[in-house]
Amino acid sequence: MEATNPTAGWERVGDRFYRKTQLYTAVFGQDLDLDHYIVAGAPYGGAVAICRDETRIVTYRPNQSAKPSIDIYSCAGKLLKSIAWDKGSVKGLGWSEDERLLVVSYDGTVRCYYDLQGEFTQFSLGREAEDFGVHSCRFYDHGMVALLTNNALVSVASYDEPRPKPLATSPEGEIHSWAIISPSCTLSRSVEVLLSVGKTIYVVDATDCEDRLLDIGPFTHISASPNGKFAALYAADGKTHVITSDFQDRLSEYDSKSQITPKYLAWCGNDAVVIAWEDEVNLVGPNSAVASFVYEGRVHVISDHDGVRLLTNDVCDFVQKVPDVTDEVFRFGTESPASVLLDAVEQLENQSPKADDNIQLIRSNLVEAVDTCVAAAGHEFNVHWQKQLLKAASFGKSVLDIYNSDDFVDMCETLRVLNAVRYYEIGLPLSYEQYQRLTPEGLIQRLINRHEYLLALKVAGYLRLPADRIYVHWASAKVRTGAEDDSTICRMIVEKLAGKPGISFETIARAAYDEGRGRLATELLNHEPRAGRQVPLLLSMEEDEIALDKAIESGDSDLIFIVLLHLKKKLPLAAFFRVINTRPAATALVESSALLEGDNTLLKDFYYQDDRRIDGAGIFIREALKQPDARTSGDKLALAAKLLSDSRENNFELVALKEAAALLRMQESLHRDLTDSFKGLSVNETLYKLIHLGYSNKAKRIQSEFKVPEKVAWWIRLRALVAKRDWNEIEEIAKSRKSPIGWEPFFNLILQAGNARLAASFIPKCTNLEPGAAITMYEKCGMRVKAAEEAIKAKNADAWMRLLEAAGKNTTEGREIERLGAQVFKK
Amino acid sequence: MAPHAGFDTEHIRDKARKELLHLLEGVRGKKNLVIERSLAGPVGVIVKVSTLHDYGVDKFFFLENNNADTSQRNAIFMARGECARHVQAIADQIKRLQRESQTGHEFHIFWVPRRTLVSDKLLEEAGVLGDVNISELPIYFFPLERDVLSLELDDSFRDLYLFKDTTSAFLMAKALMGIQSKHGLFPRVVGKGDQAKRVAELLTRMRQEILAGNTTDEANKAGLAPSNSIESVVIIDREVDFVTPLLTQLTYEGLIDEVWGIHNNQTDVDLTIVGASPQTSSQSASAAPNPGTASRKRKIQLDSSDKLYEGLRDTNFAIVGTLLNKVARRLQSDYESRHGTKTTAELKDFVKKLPSYQAEHQSLKIHTGLAEEIMKHTRTDRFSRLLEAQQNLAAGADPSSQHDAIEELIARDTPLAEILRLLCIYSCVSGGIKTKDFEHFRRLILEGYGYQHLITLHNLEKLQLFLSRSSPMANMIPMPGAGNATGTKTNYTYLRKQLRLIVDEVNEHDPDDIAYVYSGYAPLSIRLVQCVLQKQYLFSITRGNAVAGTGIVSGSGGQGWRGFDEVVKHARGPAFDDIQKGEDKAIKARALLSGGGDRKTVFVVFVGGITFTEIAALRFIAMKEEARRNIVICATSIISGNKMMEAGIEKSPFVQDDSRPIVFT
């Protein structure tokens with residue numbers, strides 16, 4: 001029996017071979033009439049969900065419960081879970097790529113069963129779906145599209161954050177059939193829907209609805225190929241058309257000559273289309289080549305990425321194109337190096353010298369032959385042939401001097417895993433290609449969902465993958481269902497999981513909490529090493545202060561904020577302050593966000609209870625700044641002063657506040673008298689403006705009122721007068737004997753203002769000048785003769801020469817300078 | 001240098017760009033981009049506006065302006081997820097757009113650098129969470145230059161030291177964690193200051209969390225072993241050295257920052273100074289859709305793409321004129337060379353070079369204009385008084401001798417920020433101001449600039465920048481030899497001598513010490529970095545070779561703070577020196593694989609911001625150390641004395657009588 005010919009199930013379709021592999025037998029019991037059920041299978045050999053098709057009438061059987069349910073089976077027919085369904089008629093039944101079951105009811109309610117144990121999340125497709133009702137649904141990798149009875153289309157792109165979004169408006173008229181192309185295959189990266197309306201096909205995506213102008217419809221079935229490049233259309237006249245999905249090229253046409261509408265039209269890989277009637281399955285390849293299979297009883301087709309699964313009461317078959325490598329090894333009459341190598345190992349077993357002849361024959365292609373054998377082993381379902389192929393590869397590489405065995409080793413490991421999960425009790429008939437797409441992590445997740453923890457751990461250990469998720473899932477399940485008391489369970493879990501890396505006790509604790517075992521949750525949470533992770537759960541457990549501490553510990557201000565938001569809403573203000581006062585990090589965040597948002601009320605209370613008077617006064621000052629008139633500003637300043645008045649420490653601030661109020665009053669009266677606005681100016685600026693406007697006396701009054709230092713006042717006066725170009729007034733000042741700021745500033749500023757004459761008049765008044773400074777000062781005023789006089793006074797011959805040269809010897813100035821210096825510097 | 005192991009900021013830029021464009025691609029069709037103002041500049045560093053247009057962005061709006069219109073079906077909001085106010089603003093605008101427009105809109109939010117729980121919660125409360133598509137754009141570091149990475153958190157200084165909000169430190173730790181997960185653990189973490197310590201602790205914590213977390217991630221696995229391409233990370237808290245940024249920066253780039261301010265490698269300069277842009281204005285890489293203000297000003301890109309600027313930026317301003325002159329002459333002679341062309345081949349050669357000449361010519365024109373303007377600024381009486389006072393204070397002159405100068409500057413209505421910088425230097429250097437003088441200065445400030453600055457002064461006290469000797473915070477000044485081991489305050493008097501902060505002879509043309517950046521003052525912060533990286537050099541200049549020959553030398557071979565432990569104690573905050581070890585096997589394997597990399601990277605991290613002069617000084621060190629190390633500078637933001645003062649200054653005066661509300665942005 002072992003040695004069944006590997007090509008036994010092969011069928012020729014055109015120039016290609018397809019093979020049908022029997023995966024499991026005796027799948028469903030005989031009393032289950034599959035004819036009356038809707039069947040949906042998860043991709044990658046996943047579970048199969050069936051529910052009763054309500055359009056069919058069933059014979060009443062008294063011993064069968066009439067309660068509607070959705071049953072989940074493994075591919076081998078093992079019942080995994082039976083879910084009671086109470087939401088009325090099922091309008092959509094499908095799976096996501098990560099094996100979440102989606103059930104859509106007529107009113108647009110979608111339930112997403114995220115494990116195979118009946119736990120679900122629920123969302124609605126929106127108002128329109130509620131109003132009009134769902135007609136049918138199509139599913140892709142991680143999203144779905146629903147067709148409503150009013151022809152509107154609603155898409156959901158992710159089940160984690162479901163956001164039902166209407167697609168572009170679809171055309172009026174009866175929709176004969178429809179299909180979708182997954183967003184991962186379209187150019188627009190949005191899901192595309194193909195609608196058969198009238199004789200043509202419409203393509204609808206998020207923004208457009210386009211008529212593809214076909215005239216061969218209506219189509220009773222539409223199906224898009226797994227890579228999204230082609231579409232198969234089954235017309236009402238029994239013809240099947242294969243067209244590129246942009247509807248530019250018709251690739252092939254096949255006439256089934258059948259009067260009966262088929263049940264299924266599906267793609268088998270990307271090259272062939274499967275058409276299934278009640279009990280007959282046709283496989284149509286390119287150029288209309290056909291192979292057909294006939295079953296006893298009703299056949300259901302579950303399309304997968306690289307083939308289709310055919311499901312009847314008795315068997316579960318997998319139909320796929322024979323992989324190229326398998327074809328190369330086993331094809332009848334082939335003389336490929338790999339097949340010769342395979343033959344060689346047979347000869348070897350028979351101890352025939354031909355083995356060596358074979359090797360010599362393919363010597364030059366041996367590496368290629370070994371590679372092919374390894375790859376072909378992966379694609380083989382039959383253990384005998386797997387072994388045989390690997391033996392061949394092993395024999396081949398032993399002859400080779402150097403060969404990288406990584407692929408060989410990997411393949412051995414992979415096959416071991418694949419064979420383990422294909423075992424009927426597990427019922428995951430993964431093909432090699434599906435396994436590559438699913439990834440080992442994905443496989444482990446599937447095992448976890450089936451509560452096959454032991455196998456999952458074994459696989460994880462064997463493939464050197466982290467096992468934390470398995471442990472956590474196990475513990476969570478334990479917490480949910482375990483009958484033992486809290487401390488026993490906690491001890492058991494901690495003992496089992498101690499020392500294992502990456503265990504998220506938070507997840508387990510959450511499961512415990514959700515189950516209503518609060519105390520157990522707290523105990524478990526203490527074992528969680530990541531402080532940040534604990535916060536949300538602690539919050540929902542009402543352990544607010546612990547949550548706050550943990551959040552602070554994590555240093556993540558986002559977490560601190562979320563706890564603070566929660567606390568602020570929940571607690572009365574006084575209690576809230578009590579909680580944060582002992583925690584500076586929290587206090588700082590509350591204070592800074594209130595400051596930035598301008599929440600003065602909160603700040604006032606906060607500073608008051610914390611006795612931070614100066615900060616509190618600051619809030620009133622800020623408010624004072626915003627008041628439109630002096631009176632209300634003054635009131636606010638008074639409030640600020642009142643806050644500070646209790647303590648002597650704040651004397652300086654108190655005085656300043658009083659002065660600020662006085663200044664405001666004074667500015668207001670100035671405003672009345674002079675009809676010019678002074679508000680918003682500082683004391684110095686007020687002085688400056690008054691002098692600039694020519695009200696020196698008023699300025700004097702303010703100066704004395706606010707005790708502006710003499711020096712500062714002089715500077716302001718000087719600047720204002722210079723800006724005003726009030727030279728008379730400045731000359732008036734110049735008459736006074738002394739200036740507290742010296743006379744150089746006068747010289748500098750006046751010179752900058754361009755009055756060199758007046759500036760020069762200050763030079764003699766400047767005392768304490770560095771020697772020679774006067775020379776440059778006169779020079780700057782353009783008075784070279786005067787400068788020369790200074791130079792002579794300072795006995796600075798160089799400066800004198802320089803001045804002379806600058807003036808030029810033949811100008812009057814030059815002659816004058818020469819005359820002056822002539823006696824002194826004559827040598 | 002092993003090409004695969006080396007750290008390159010370009011990777012960070014590329015990754016950030018790819019992620020942003022990928023997200024934009026995910027939104028189908030044309031879209032309007034509503035961006036937080038403080039993000040627009042940093043994003044401009046990563047990707048050009050024209051590229052964004054190529055990816056279907058139609059119009060730009062600032063989130064703060066609340067003027068996004070309904071012209072496109074898609075509206076993308078881009079903001080920092082840490083900030084609750086922006087969440088509210090976004091929610092309000094979404095609701096407004098939904099109200100105003102008849103057609104349905106698609107709303108997208110890109111949170112930078114991460115989506116926060118708070119943002120989700122607030123959006124939920126506002127009732128819009130269900131209407132938006134939310135994505136994360138995990139950009140932490142914005143690479144300003146090949147050797148400078150900045151978080152570009154403009155408010156980080158204010159948040160850290162005034163508000164005590166440590167979010168910036170957390171984000172810095174996250175960002176460094178990102179580097180670690182790609183290149184391996186920093187084998188050594190050295191640092192100084194409270195916030196630096198916090199960052200280091202967060203790094204340890206995050207590392208443990210990764211260890212505890214699932215190890216499926218390939219990237220995380222790498223993060224568990226010490227890197228062999230990285231030597232260490234040196235983390236310096238700004239708080240350790242406030243004086244350096246308060247001083248006026250004297251490098252070319254520093255002065256441009258002082259005069260006009262540089263934001264995200266760009267500065268706005270009046271057209272009269274630099275002349276109009278030769279190309280159309282669309283060239284400007286900023287995302288600023290602000291036609292009103294753009295007309296008079298021109299944005300100037302200041303980065304290493306401008307070769308001339310690259311040569312000038314870090315030099316002392318004193319020699320910029322000479323350098324510009326040299327370039328001008330060379331350019332002239334290059335142009336003249338066309339007269340010497342004899343054959344057509346030579347002429348062709350010349351024509352080929354012409355565009356590069358023109359670009360250089362253009363840049364020369366800009367920088368001559370800028371340099372002239374800066375010259376004008378530095379020649380004013382006021383500037384020289386300020387600088388003189390600053391330098392006297394920094395050099396340790398008797399502060400009371402500067403009173404007159406300070407008083408005069410106030411009377412002359414010097415910009416408030418400049419005056420406050422001076423007073424803060426005074427207070428920091430001399431450990432607080434005598435109570436009487438303190439009151440006097442405070443009065444002068446209030447009278448000179450308005451009583452609202454009571455708040456300003458109080459803020460500066462909170463920042464511990466401007467203190468009275470009698471204040472409780474000031475009397476913790478450690479005196480040399482006093483018992484308190486970890487300084488609560490930086491003792492400049494002691495450090496000035498021990499670390500030779502004042503260097504009298506500075507050769508600006510061919511600098512031999514980092515002190516050239518302040519014309520004679522060596523930034524303390526950078527001296528501390530030298531304590532770690534250039535021990536030999538520092539020994540030689542502080543103690544003389546003779547002393548270095550005795551006992552202490554044993555420390556020179558050491559790492560971390562070794563040899564300077566005593567000195568470092570006199571700066572504020574704790575010093576630390578941690579070694580991160582992984583499994584020994586892993587180290588050996590990695591070292592074997594890489595063949596013991598020759599030139600390793602050192603990350604110098606400034607929490608709380610770094611100035612351009614400090615960058616210049618670090619580049620100077622990097623040049624000296626080129627053979628051994630590669631220095632990469634990381635900072636929460638670029639700061640200057642003025643920006644520090646901005647954090648404290650109360651900005652609104654009393655409302656004017658005509659009651660036109662003054663809008664501050």
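Here is how names work: the chains are called A, B, and so on, in the same order as the sequence lines, proteins then strands, and each is numbered from 1. These figures come from a predicted structure and were not determined experimentally.
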_SB check D615(A) K462(B) (cutoff 4.0 Å)_ = yes
*asked:* If you define the side chain from C-beta out and look only at heavy atoms, does anything of P709(A) sit under 4.5 Å from E447(B)?
replied: yes
*For E553(A), does its backbone N or O pair with a side-chain atom of R205(B) as donor and acceptor, under 3.5 Å?*
yes
*State the CZ-CZ distance between R443(B) and F706(A), to the nearest 0.5 angstrom.*
9.0 Å
*Heavy-atom distances under 4.5 Å only: say whether R442(B) touches chain A with side chain, backbone, both or neither.*
both
*Select one option (side chain, backbone, both, neither) describing which atoms of E649(A) are under 4.5 Å from chain B's heavy atoms.*
neither
*Would you indicate whether the side-chain heavy atoms of L596(A) and F163(B) approach each other to under 4.5 Å?*
yes
*Who among S554(A), S633(A), P162(A), A585(A) has the most heavy-atom pairs with chain B under 4.5 Å?*
S554(A)
*With the side chain counted from C-beta on, respond yes when N651(A) and E439(B) share a heavy-atom pair under 4.5 Å apart, and no when they do not.*
no
*asked:* I'd like to check N684(A) versus D413(B) (side-chain heavy atoms, cut-off strictly below 4.5 Å). Are they in contact?
replied: no
*Is the closest basic N to carboxylate O distance between D404(B) and K711(A) below 4.0 Å?*
yes
*asked:* Counting only non-hydrogen atoms closer than 4.5 Å, does E591(A) touch chain B with its backbone (N, CA, C, O), its side chain (CB onward), both, or neither?
replied: side chain
*Those residues that, when tested against E685(A), pass salt bridge (charged side-chain N to carboxylate O under 4.0 Å, His left out) (two or more places apart)*: none
*Any side-chain heavy-atom pair from L409(B) and W715(A) closer than 4.5 angstrom?*
no
*Side chain / backbone / both / neither for K707(A) at chain B, heavy atoms under 4.5 Å*: both
*Please round to the nearest 0.5 Å and tell me the distance separating atom CD of Q88(B) and atom CD of E597(A).*
8.0 Å
*Measure the spacing between CD1 of I560(A) and OG1 of T166(B) and express it to the nearest 0.5 Å.*
6.0 Å
*Checking heavy atoms, do the side chain of K636(A), its backbone, both or neither come under 4.5 Å from chain B?*
neither
*Candidate pair L625(A) and E650(B), rule side-chain contact (heavy atoms from CB on, under 4.5 Å), full reasoning*: CA-CA 10 Å; L625(A) 295 174; E650(B) 171 62 41; 3.8 Å; yes
*With respect to chain B, which residue among P536(A), S557(A), S190(A), S593(A) yields the maximal number of heavy-atom pairs within a distance under 4.5 Å?*
S557(A)
_Side chain proximity check, V712(A) to I410(B), heavy atoms < 4.5 angstrom_ = no
*Could you tell me whether a side-chain N or O of D558(A) sits under 3.5 Å from a main-chain N or O of L117(B), the two making a donor and an acceptor?*
yes
*With respect to chain B, which residue among N748(A), L664(A), I741(A) yields the maximal number of heavy-atom pairs within a distance under 4.5 Å?*
L664(A)
*What part of E25(B) gets closer than 4.5 Å to chain A, counting heavy atoms only: side chain, backbone, both or neither?*
both
*At what distance, to the nearest 0.5 angstrom, does CZ of F561(A) lie from OG1 of T116(B)?*
9.5 Å
*Applying salt bridge (charged side-chain N to carboxylate O under 4.0 Å, His left out), name anything that partners D120(B), two or more places apart in sequence or on another chain.*
R115(B)
*Which bit of S158(A) is near chain B, if near means a heavy-atom gap under 4.5 Å: side chain, backbone, both or neither?*
neither
*Sort out for me which of P584(A), G618(A), A656(A) touches chain B most, counting heavy-atom pairs under 4.5 Å.*
A656(A)
*Are the side chain of R412(B) and the backbone N or O of I716(A) linked by a donor-acceptor pair below 3.5 Å?*
no
*Take L657(A) and Y451(B), measure what side-chain contact (heavy atoms from CB on, under 4.5 Å) needs, and give me the verdict at the end.*
CA-CA 7 Å; L657(A) 283 173; Y451(B) 288 98; over 6 Å; no
*At a heavy-atom separation under 4.5 Å, does L565(A) approach chain B through its side chain, its backbone, both, or neither?*
side chain
_Residue part contacting chain A, namely of D159(B), when any heavy atom lies under 4.5 Å_ = neither
*Residue part contacting chain A, namely of K121(B), when any heavy atom lies under 4.5 Å*: side chain
